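Structure first, then comments.
Whatever order the structure lists them in is the order used to number ligands and atoms, beginning at 1. Note that the numbering runs from 1 along the sequence shown for the chain. This one's a predicted model, so the numbers in the text were calculated from it and none came from an experiment.
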Amino acid sequence: MKPVKITEGVYSLRVNHFNRRLFDSLIPLPQGTSYNAYLVKGTEKTALLDSADPEKAAVLFDYLKDEGKIDYIVSHHAEQDHSGSIPLVLERYPAAKVVTNPKCKEFLMSHLHLPADKFIEVMDGEILQLGGKTLEFIYTPWVHWPETMCTYLREDKCLFSCDFFGAHLAAGELFSEEHLVYEPMKRYFAEIMMPFRSNIKGHLEKLGKYGIAFIMPSHGPVHRNVKFVLDIYRDWAVSAPKNKAVIVYISMHGSTYMLVNRLVSRLEEAGVEVEKLNLDQFDEGRVAMALVDAATIVVGTPTVLTGPHPKAIYAACLANLLRPKAKFVSVIGSFAWGGRAVETIAGLIPNLKAEVLKPVMVKGQPAEADLAQIDELAALIAEKHKTLAA
Ligand code: FEO
């Protein structure tokens with residue numbers, strides 16, 4: 001494969017992984033993913049920015065087969081999907097130095113056993129000259145590890161952002177198109193970035209000082225529509241949640257399903273957007289994406305023996321891990337003879353800074369009085385949502 005020219009002296013070495021089906025052994029990848037490295041060639045020095053997952057190292061080396069020398073390997077992030085092939089690159093180019101921040105150096109030494117003398121440490125704002133190409137390093141910690149950083153190529157206004165602004169999308173096209181990249185970016189944001197929204201807010205302000213012509217992430221296509229990318233990140237990370245409720249549910253004999261359907265109907269009648277997700281077909285990515293902008297999360301669960309259904313427990317744990325910006329939560333469901341489903345779910349979501357709205361737990365099949373409680377819950381959610389913009 002040949003490096004793909006993006007602009008003069010800047011090349012994409014995208015390693016597509018079309019048939020990868022899970023990321024982090026957690027999030028389904030309906031469109032695969034990619035690990036992107038980039039080459040920046042100055043008149044004096046050549047830098048490789050990031051590498052690839054070692055499972056796909058052969059593709060990276062195919063790109064590099066005609067590359068006589070690499071002087072620097074810039075590592076933005078120590079996670080192995082970007083750094084895992086660095087030891088192999090160093091074997092091929094033993095004179096190369098790994099350029100990174102001190103925290104990333106520490107991680108690369110512990111995760112990949114790289115020796116200390118292979119590194120050049122750079123500070124926030126420091127520059128590295130390649131000859132007509134100036135790399136500026138921008139610390140952007142916690143997107144999504146503590147050592148993450150970006151590189152800005154001054155002459156060409158390229159931002160190499162690694163995971164930041166990435167998309168789970170294996171694609172042949174070099175540049176992103178908005179309608180194709182939106183959902184893969186949201187799926188990526190939901191799993192990886194959502195817990196770090198406050199950090200992202202600060203980084204978006206910091207990056208606002210740079211004129212950016214290209215955003216070059218290490219997953220998915222290159223972005224030329226920089227405003228589109230920054231706007232959706234502001235929406236997901238900074239904006240208030242939307243007038244939307246997510247109902248994640250599972251039902252054993254249909255009673256919880258009746259409650260869920262009643263709640264959906266009443267919420268929609270009240271003008272609340274609803275996303276209803278059956279945990280029987282659990283897609284962690286779909287659940288995570290739904291959580292990005294919802295103001296309310298409702299867990300619908302029957303009582304299995306003495307507690308919530310295990311799939312409802314898993315969904316609650318996932319939501320707690322991802323720390324969505326929801327303001328309200330509730331639990332609805334049915335039980336046969338007793339149990340502590342509500343208390344168990346409530347105990348699983350301490351990270352959610354959300355008000356708990358009165359749960360509705362019903363003995364057996366819902367009667368009219370039970371459905372009336374659902375109507376009250378729907379009315380309360382709709383009323384609460386009127387305060388969102390305040
Ligand atoms: Fe794409 Fe955090 O690695």
Side-chain angles (χ1 to χ4, degrees), residues 12-38 48-57 59-60 73-89 98 100-101 103-112 114 137-151 159-171 176 181 183-197 199-200 203 215-223 229 233 236-237 284-285 288-289 292 318 321-323:
S12 165
L13 316 181
R14 184 185 304 164
V15 176
N16 280 316
H17 199 159
F18 288 100
N19 59 359
R20 183 162 178 179
R21 285 291 161 256
L22 273 183
F23 204 73
D24 293 341
S25 298
L26 177 66
I27 296 289
L29 300 175
Q31 297 175 89
T33 193
S34 73
Y35 324 107
N36 309 334
Y38 298 92
L48 174 70
L49 286 79
D50 292 320
S51 67
D53 192 296
E55 189 181 340
K56 291 285 182 181
V59 181
L60 178 67
I73 305 162
V74 176
S75 178
H76 297 111
H77 176 29
E79 197 164 12
Q80 284 85 344
D81 51 332
H82 310 294
S83 70
S85 296
I86 289 178
L88 299 172
V89 177
V98 180
T100 192
N101 61 71
K103 177 64 77 178
C104 191
K105 172 184 172 183
E106 174 198 328
F107 287 180
L108 291 172
M109 289 175 66
S110 57
H111 288 276
L112 301 175
L114 295 181
F137 304 103
I138 307 171
Y139 281 19
T140 48
W142 293 110
V143 288
H144 58 121
W145 280 21
E147 88 296 10
T148 46
M149 70 175 196
C150 299
T151 296
L159 181 76
F160 300 92
S161 58
C162 201
D163 278 346
F164 208 8
F165 310 119
H168 282 315
L169 178 60
S176 64
V181 83
E183 188 162 311
M185 283 186 75
K186 192 169 189 181
R187 182 174 286 261
Y188 191 82
F189 174 92
E191 185 212 344
I192 301 292
M193 300 292 167
M194 186 153 64
F196 304 105
R197 291 191 310 280
N199 303 82
I200 288 171
H203 298 331
I215 295 177
M216 304 193 180
S218 291
H219 294 287
V222 172
H223 305 295
V229 170
Y233 255 68
W236 297 336
E284 290 86 348
M289 281 194 286
V292 168
L318 183 67
L321 181 73
L322 299 179
R323 298 172 181 253

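If you run side-chain contact (heavy atoms from CB on, under 4.5 Å) between T148 and each of K103, H77, E79, H203, only H77 comes through. No option in T100, T151, D163 other than T151 meets the side chain to side chain donor-acceptor pair (under 3.5 Å) test with H76. In summary, of the residues considered (V143, I215, I138), a side-chain contact (heavy atoms from CB on, under 4.5 Å) with S161 occurs for I215 alone.
Closest approach between atom 2 (Fe) of ligand 1 and any N/O/S atom of E79 involves OE1. Nearest N/O/S atom of H144 with respect to atom 2 (Fe) of ligand 1 is recorded as NE2. Residue D81 approaches atom 1 (Fe) of ligand 1 most closely through its N/O/S atom OD2.
For an aromatic pair to be called close, the ring centres must be under 6.0 Å apart, and W145 with H82 fails this. Between F23 and H219, the gap from one ring centroid to the other is short of 6.0 Å.
Counting backbone and side-chain atoms alike, C162 contributes no N/O/S atom closer than 2.8 Å to atom 1 (Fe) of ligand 1. The distance from atom 1 (Fe) of ligand 1 to the nearest N/O/S atom of H219 is under 2.8 Å.
With atom 2 (Fe) of ligand 1 as vertex, H77 NE2 and D163 OD2 subtend 90°, rounded to 10°.
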